[in-house]
Each structure stands twice: as C-alpha cells, then as structure tokens.
Amino acid sequence: MNTPSGPDRPVLTDRIALLRQRDRANRSGHADILHRIAADEIEDRLAEINRSFTRPAIVTGFSDPWAARFPQARVVADDPQLDLAPGAHDLVVHAMALHWADDPVGQIVQCARALREDGLFIAVCFGGQTLSGMRAALAQAEAEITGGLSPRVLPMGEIRDMGALLARAGLALPVADLLSQPASYRDLLHLARDLRAMGEGNALAARLRRPTRAAVFARAAAIMAEHHPDRDDPSRIGVTFDLVFLTGWSPSDTQPKPLRPGSAQTHLADALNEIRKKT
C-alpha cells in the first residue's frame, strides 16, 4: 500500500487490469469468500455500538456481496474520486479495496468528508503479513533463476502505519486492529488460481509484461512446499490473509477528549500506594 498523496505520488495500480480482474471475479461469484468474513466482522463491530445508522454508504470494488449484506446502504465504486456527497452519511465503510489505492489517505479523506458530525468510518482491507510466504518464495525463485526481481505481489501496509492514516485524514478516536485468517492450498498453482478468482491477482502497474519462465514458478512452488507447509497437512501449503480494520469518527464536541497534560487530580505515587494497601 502506498501512502504518499499529491500529484507526484507513485502509481501502484494498473486500474484497467484491476477492474478487469474484479469483473471476472464478480461474474464467477468466487470473490465473496473473504468478503463474507470481513462483512461478518463489520456487523459485529456495529452491533457493539449503541447507535442506529440510517444513512450508510459502502465503498468497494465488489458491489454484489456487500449490497446483499447491507441492502440499506448506498454502494459506490472505489474510484480515485469517490461518488460521495459531503456530509451525506452517518456511516461509511471502505470494504476490501483500500490496499489497491494509490492514495489511501485521499480515499479516507473523501470518506471522512462524506460523514456527518460524529459519523463513523470503518475500513477493512488486506495488510500485515498477508501472503508474506508467497512473496518471499517468488522473490527467491526469480532471483535464483533469472538474477532479477519483478513486482508480483501487492505490498502490504503494516497495521501501525495504516492506523496513522486515520489521524492524517482528520478522524477522531482512531483504532486499528487485525484479524488473521489462515488458509490451506494444494500448491502454489492452486493459490495463484484462487487469487485470480478472487480478483486479487497481479494488477501492479510495474508488473512484468511478458510470460514468466516456468522454472521460476516451479522453484517458488518447491520453496513454498519446503518452508510453508500447512500445519495440519504437510502435503499442502499454508498461507495467511491478514484483514486490517481501521475505525475512526468524524470529529464532534460530544466525543470524549483526552485530558490536558498535568490536569490529573491524583498523583501516580498516591494511586499506587492505595493499590498496595488494598492488596
């Protein structure tokens, strides 16, 4: 995930290739496996909030699974310029698309502007250690076979860096957390086919534009089998999909505020002494 914003930021994604992959995945119906998990988690988080949201919007590249789960929401594409009116919504969910954004801060800023005062923003996307084993295996194999490297797997943002995007976008009470989902595949080819079916294949702008030598994939498959066997079935390979959740609120005077430094009425030493007396 790239974090710079502005006219000189690097282009991460081949948008045409990404939309082509998503269209194929949407038609196959295979894209919603991890989307169902993400939507379940979003629903759980909303259930813990003592509030009813009446004007929700969802930003995503996969409209069908999210529209089916949240039929009352307005669903818009994750285009560089989001089709969201300022102050129109009390809830905006950015669903499984932020990891492909060339300007993730810009995406969150646009969502924040679309929120009413004290409105809620939630994003879920891939991050953390997602497919780290596959990334390492492909890099090692390509370096051994060809002596070079080419971009093959989307770079993933670390949870701390991704959480910082919320404050940069002007959202209050920012929280970032992670849900790790292990998965098992027969081999590297099985995993690659599944990623394409999910609409998460290689759509990097700097990707190799000619066929990769078969020896590279064969070597990467061998590395995966050796170093990343599935825990329950060593004849298969194991990978991890990390879903990062970002939560923030549109600023409001009604929200809790941190105390001013030095405004505490009780000294730490006094509090510790009271605890010792009770124990």
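Because only heavy atoms are used, hydrogens play no part in the values below, and waters and symmetry mates are left out as well, while side chains stay in.
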(message) Under the criterion side chain to side chain contact (heavy atoms under 4.5 Å, CB included), I'd like the reasoning laid out for L171 against L246: C-alpha separation, chi angles, the key distance, then a yes or no.
(response) CA-CA 11 Å; L171 291 167; L246 306 176; over 6 Å; no

(message) Taking the side chain as everything from C-beta on, heavy atoms only, tell me whether Q81 gets closer than 4.5 Å to Q110.
(response) yes

(request) To the nearest 0.5 Å, tell me how far W66 CH2 sits from M96 CE. (result) 7.5 Å

(message) To the nearest 0.5 Å, what is the distance between CG on D242 and CG on L131?
(response) 9.5 Å

(request) With sequence neighbours left out, write down each residue that passes salt bridge (charged side-chain N to carboxylate O under 4.0 Å, His left out) with R45, or none if nothing qualifies. (result) E41, D177

(request) Output, in order, the C-alpha distance, side-chain angles, deciding distance and verdict of side chain to side chain contact (heavy atoms under 4.5 Å, CB included) for F121 and L166. (result) CA-CA 9 Å; F121 170 79; L166 296 166; 3.8 Å; yes

(message) How close do L98 and A123 get, counting heavy atoms only, and between which atoms?
(response) CD2-CB, 4.3 Å

Which side-chain N or O atoms in residues 210-222 pair as donor and acceptor under 3.5 Å with protein atoms at least two apart or in another chain?
{"residue": "T212", "atom": "OG1", "partner": "R152", "partner atom": "NH1", "Å": "3.0"}
{"residue": "T212", "atom": "OG1", "partner": "R152", "partner atom": "NH2", "Å": "2.9"}
{"residue": "R219", "atom": "NE", "partner": "E144", "partner atom": "OE1", "Å": "2.7"}

(request) Name all residues meeting the salt bridge (charged side-chain N to carboxylate O under 4.0 Å, His left out) criterion together with D233; count only those two or more places apart in sequence or in a different chain, and write none if there are none. (result) none

(message) Between D83 and R74, does any side-chain N to carboxylate O distance fall below 4.0 Å?
(response) yes

(message) Which heavy atom of A203 sits nearest to which heavy atom of W100, and what is that distance?
(response) N-CH2, 3.7 Å

(message) Please determine whether residues L82 and L19 belong to a single hydrophobic cluster, defined as Ile, Leu, Val, Met, Phe, Trp and Tyr linked transitively by side-chain heavy-atom distances below 4.5 Å.
(response) no

(message) Distance check, rounded to the nearest 0.5 Å: M134 atom CE versus M224 atom CE?
(response) 7.5 Å

(request) For residues C111 and V59, determine if any side-chain heavy atom of one lies less than 4.5 Å from a side-chain heavy atom of the other. (result) yes

(message) Does atom CZ (R207) have a neighbourhood of more than 12 heavy atoms from anything else shown, all under 6.0 Å?
(response) yes

(request) Report whether I237 and L189 are members of the same hydrophobic cluster (ILVMFWY, side-chain heavy atoms less than 4.5 Å apart, transitive linking). (result) no

(message) Would you say that V109 contacts R168 through its side chain, given a criterion of any heavy-atom pair below 4.5 Å between the two side chains?
(response) no

(request) Flag the pair L46 / F70 as yes when at least one side-chain heavy-atom distance between them is below 4.5 Å, and no otherwise. (result) yes

(request) Over all heavy atoms of both residues, which pair between N26 and G61 is shortest? Give the atoms and the distance, please. (result) ND2-O, 3.6 Å

(request) Would you name the heavy atoms of L115 and S250 that are closest together and state the gap between them? (result) CB-CB, 3.9 Å

(request) Could you grab the distance from atom CD of Q107 to atom NE2 of H94, nearest 0.5 Å is fine? (result) 4.0 Å

(message) Applying a strict under-4.5 Å side-chain criterion to I, L, V, M, F, W and Y, I'd like to know whether L18 and L34 cluster together.
(response) yes

(message) Less than 4.5 Å apart, side chain to side chain, heavy atoms only: is that true for V175 and F245?
(response) no

(message) Between T60 and P65, is there a side-chain heavy-atom distance shorter than 4.5 Å?
(response) no

(message) Run the salt bridge (charged side-chain N to carboxylate O under 4.0 Å, His left out) test on R15 and D78 for me, step by step, so that the C-alpha distance in whole Å, both residues' side-chain angles and the decisive distance to 0.1 Å come before the verdict.
(response) CA-CA 11 Å; R15 188 77 184 170; D78 63 318; 3.3 Å; yes

(request) Apply side chain to side chain contact (heavy atoms under 4.5 Å, CB included) to H190 and R236, showing your working. (result) CA-CA 10 Å; H190 182 202; R236 299 168 65 89; 4.2 Å; yes

(request) Apply the test side chain to side chain contact (heavy atoms under 4.5 Å, CB included) to residues R135 and T130: give CA-CA distance (whole Å), side-chain angles for both, the deciding distance (0.1 Å), then the verdict. (result) CA-CA 9 Å; R135 183 185 301 113; T130 296; 5.7 Å; no

(message) Tell me whether L165 shares a hydrophobic cluster with L178, the cluster being built from Ile, Leu, Val, Met, Phe, Trp, Tyr side chains joined at under 4.5 Å.
(response) yes

(request) Nearest 0.5 Å please: distance from the NE2 atom of H228 over to the CG atom of L191. (result) 11.5 Å

(request) Please answer: with hydrophobic residues joined when any side-chain heavy atoms are less than 4.5 Å apart, are L173 and V93 in the same cluster? (result) yes

(request) Might you point out which heavy atoms bring E200 and Q21 nearest each other, and give the distance in Å? (result) C-OE1, 4.0 Å

(request) Give the minimum heavy-atom separation between P151 and A206, together with the two atoms involved. (result) CD-O, 3.3 Å

(request) Drop me the distance from M156's CE to D161's CG, to the nearest 0.5 angstrom. (result) 14.5 Å

(message) A quick test of your reading: do over 12 heavy atoms of other residues, nucleotides or ligands sit less than 6.0 Å from CZ of R160?
(response) no

(message) Would the distance check show the side chain of D90 and the main-chain N or O of F53 forming a donor-acceptor pair, the cut-off being under 3.5 Å?
(response) no

